[in-house]
Amino acid sequence: MRLILLGPPGAGKGTQSKVLSEKFHIPHISTGDMLREAIKGNSPVGLAAQEYMNRGELVPDDVVIELIRDRLSKKNSEDGFILDGFPRTKKQAEMLDSVLHTMKRGIDMVVYFNTSTDVIIRRLSGRRICRSCGTNYHVKNIPPKVQGICDACSGTLYQREDDKEGTIKNRLEVYERQTSPLIDYYEEKGKLRTISGDLELEEAYKSFLKLFTEENLL
Ligand code: AP5
C-alpha cells in the first residue's frame, strides 16, 4: 500500500501514520521527523533546515526532495509506505511522480484530513513529544500517565519550538498558500479521498479502514 497523508499541521497525520504503519507493516516516512533527526545530528541538512522550521516556513524543495529520493530507494519501502508531510508543494508532488515513475511504482491513495482551525490550534498547542523516543502526546487528548514523562521510556516531554502560538499562525498561512493547492492536484488525478480530521483517534482510524475496503486495498 502506498499512501500520502495530506492536511494542515495538527490534523493528526503523524498519529494515524504510526497506527497504520504498525498495523500494515509499512514504513512511516515523515519529512518533519527526518529533518528533526538531521537537526539533532547537526548534519548539513539539519543546519540548512533549522531556521526555516523554527519560523514555520517550508524548508527549500531541493533539500527535502533529496531526503525523499534517498529514503524511497531503501529496500524497506519497496512494498509500500506512508508519506506524512510530503509532498507539500507542487514542485515536490511533481518530483515524487517522477521518482515513482522511474521506480515503476504509483500512489494508491492520497488521504486529505479536512480539519477545522480551532481543532488544529487546540491540538498543536497541547502537543508534547518525548525527547528520547519521539512518542507523541497531548496534554488533554492523549496525556501521559505522569505529567511531563513518557509512558514508553520515561524520557522527558517537550513542546516543539514551532508549536508555540506565533509560529502556529504562520504554519497555517504557509499551509494555505503552498500546500492546500495539492488537494486539487490529487483530485484531478483521481487519487484524493477525504476524511474528517476532527474525529477522535479511533473514529479516524475506522475512516481509514472504510476507505481501504472501498478501494480494495485490504
Ligand atoms: P511536520 O513535522 O511535518 O509538521 P506538520 O505537517 O506541521 O504536522 P504536525 O506534525 O504538526 O501535525 P500532524 O498532522 O502530524 O499531527 P499529529 O498527529 O502530530 O513539519 C514540521 C516542519 O518541517 C514544517 O513546518 C517545515 O518547516 C518542515 N517540513 C516538513 N516536511 C516538509 C516538506 N515536505 N517540505 C518542506 N518543509 C518541510 O497530532 C497533533 C496533536 O494532536 C498531537 O498532540 C496528537 O497527540 C493529537 N491528536 C492527533 N490526532 C488526534 C485525534 N484524532 N484526536 C485528538 N487528538 C489528536
Side-chain angles (χ1 to χ4, degrees), residues 4-21 28-39 45-46 48-69 71-72 82-96 111-116 118-130 134-144 150-151 157-164 167-180 182 195-208:
I4 294 175
L5 305 195
L6 177 66
K13 305 180 298 294
T15 304
Q16 291 299 327
S17 294
K18 187 165 185 291
V19 177
L20 295 169
S21 162
H28 166 205
I29 302 177
S30 154
T31 39
D33 288 348
M34 291 163 88
L35 290 166
R36 279 183 289 276
E37 277 301 305
I39 290 173
V45 167
Q50 183 152 36
E51 295 231 332
Y52 293 98
M53 291 175 77
N54 285 349
R55 286 199 303 269
E57 303 287 337
L58 293 187
V59 173
D61 286 334
D62 296 350
V63 174
V64 185
I65 284 170
E66 275 321 302
L67 279 181
I68 283 289
R69 194 193 302 278
R71 182 63 186 81
L72 291 183
I82 303 166
L83 287 178
D84 160 19
F86 182 92
R88 246 170 155 110
T89 62
K90 192 153 175 260
K91 184 171 170 201
Q92 292 180 17
E94 287 167 351
M95 167 272 164
L96 178 65
V111 181
Y112 164 53
F113 286 60
N114 188 3
T115 317
S116 41
D118 57 330
V119 167
I120 293 172
I121 292 170
R122 277 202 302 274
R123 286 197 189 152
L124 291 180
S125 52
R127 173 163 55 189
R128 298 293 181 272
I129 298 169
C130 174
T135 300
N136 200 325
Y137 296 88
H138 187 279
V139 289
K140 288 214 178 94
N141 304 341
I142 310 165
C150 177
D151 295 348
L157 304 188
Y158 78 103
Q159 183 175 34
R160 263 168 56 174
E161 193 55 41
D162 61 350
D163 278 347
K164 305 211 167 132
T167 318
I168 291 177
K169 190 167 168 277
N170 194 31
R171 284 165 69 199
L172 290 176
E173 285 168 10
V174 166
Y175 168 78
E176 278 308 322
R177 198 171 57 245
Q178 294 183 266
T179 307
S180 69
L182 294 183
I195 67 166
S196 167
D198 292 355
L199 295 173
E200 294 299 321
L201 289 176
E202 190 57 29
E203 292 306 309
Y205 175 64
K206 283 185 190 156
S207 302
F208 272 95

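Index from 1, following the sequence. Read the numbers this way: they start at 1 and go in the same order the structure lists the ligands and their atoms.
If you check which protein heavy atom lies closest to atom 53 (N) of ligand 1, you get Leu199 O, 2.8 Å. Closest to atom 43 (C) of ligand 1, if we only count protein heavy atoms, is Asn136 OD1, 3.3 Å. Looking only at protein heavy atoms, the nearest one to atom 10 (O) of ligand 1 is Arg127 NH1, 2.9 Å. Of all protein heavy atoms, the one closest to atom 37 (N) of ligand 1 is Val59 N, 3.0 Å. The protein atom (non-hydrogen) at minimum distance from atom 29 (N) of ligand 1 is Leu35 CD1, 3.6 Å. Nearest protein heavy-atom neighbour of atom 51 (C) of ligand 1: Leu201 CD2, 3.5 Å.
Here is the list of ligand 1 atoms found below 4.0 Å of a heavy atom in Asn141: 55 (C), 56 (N). Close contacts between ligand 1 and Arg36 involve ligand atoms 2 (O), 21 (C) [criterion: under 4.0 Å to a heavy atom]. Heavy-atom proximity to Thr31, at under 4.0 Å, picks out these atoms of ligand 1: 30 (C), 31 (N), 32 (C), 33 (C), 34 (N). Ligand-side atoms of ligand 1 in range of Ile142: 46 (O), range being under 4.0 angstrom from any heavy atom. Distances below 4.0 Å separate heavy atoms of Glu57 from the following atoms of ligand 1: 26 (C), 27 (O). Atoms of ligand 1 lying under 4.0 Å from any heavy atom of Gly14, numbered from 1 in the order shown and given with element: 13 (P), 15 (O), 18 (O). Close contacts between ligand 1 and Gly32 involve ligand atoms 1 (P), 2 (O), 3 (O), 20 (O), 30 (C), 31 (N) [criterion: under 4.0 Å to a heavy atom]. Residue contact check: Tyr137 has heavy atoms under 4.0 Å from atoms 43 (C), 44 (O), 46 (O) of ligand 1.
The minimum heavy-atom distance between Leu182 and Pro87, with the atom names listed, is CD1-O, 3.4 Å. Closest non-hydrogen pair, Ile29 versus Met34, comes out as CG2-SD, 4.0 Å. Listed here is the closest heavy atom pair of Phe86 and Leu83: O-CB, 3.4 Å. Minimum interatomic distance between Gly56 and Arg171 (heavy atoms only, all atoms of both residues): CA-CG, 3.6 Å.
A donor-acceptor contact shorter than 3.5 Å is absent between the side chain of Asn54 and the backbone of Glu161.
Under 4.0 Å is where a charged nitrogen must lie from a carboxylate oxygen, and between Arg128 and Asp163 no such pair does. Ion pairing of Arg122 with Asp198 is absent here, as no side-chain N (NZ or NE/NH1/NH2) approaches a carboxylate O to less than 4.0 Å. By the 4.0 Å N-to-carboxylate-O rule, Glu51 lies close enough to Arg55 to be salt-bridged with it.
Ranked by closest heavy atom to atom 1 (P) of ligand 1, the top entry among Arg171, Arg160, Lys13 is Arg160. For atom 39 (O) of ligand 1, the choice among Thr15, Asp84, Val64 with the nearest heavy atom turns out to be Thr15. For the residues Arg88, Met53, Arg55, the heavy atom positioned nearest atom 20 (O) of ligand 1 is part of Arg88.
Remark: ligand 1 and Gly12 share an N or O pair separated by less than 3.5 Å (distance only, no angle test).
Residue contact check for ligand 1: Gly10 places a non-hydrogen atom closer than 4.0 Å to it. By the 4.0 Å heavy-atom criterion, Ala11 is counted among the residues contacting ligand 1. Distances shorter than 4.0 angstrom do not occur between any heavy atom of Lys18 and any atom of ligand 1.
Atom OH of Tyr52 has 12 or fewer neighbouring heavy atoms from other residues, nucleotides or ligands inside a 6.0 Å radius.
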So Glu203 and Lys206, salt bridge (charged side-chain N to carboxylate O under 4.0 Å, His left out) or not? Walk me through it.
CA-CA 5 Å; Glu203 292 306 309; Lys206 283 185 190 156; 3.6 Å; yes
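Of the heavy atoms in Gln92, only side-chain atoms (C-beta onward) come closer than 4.0 Å to ligand 1.
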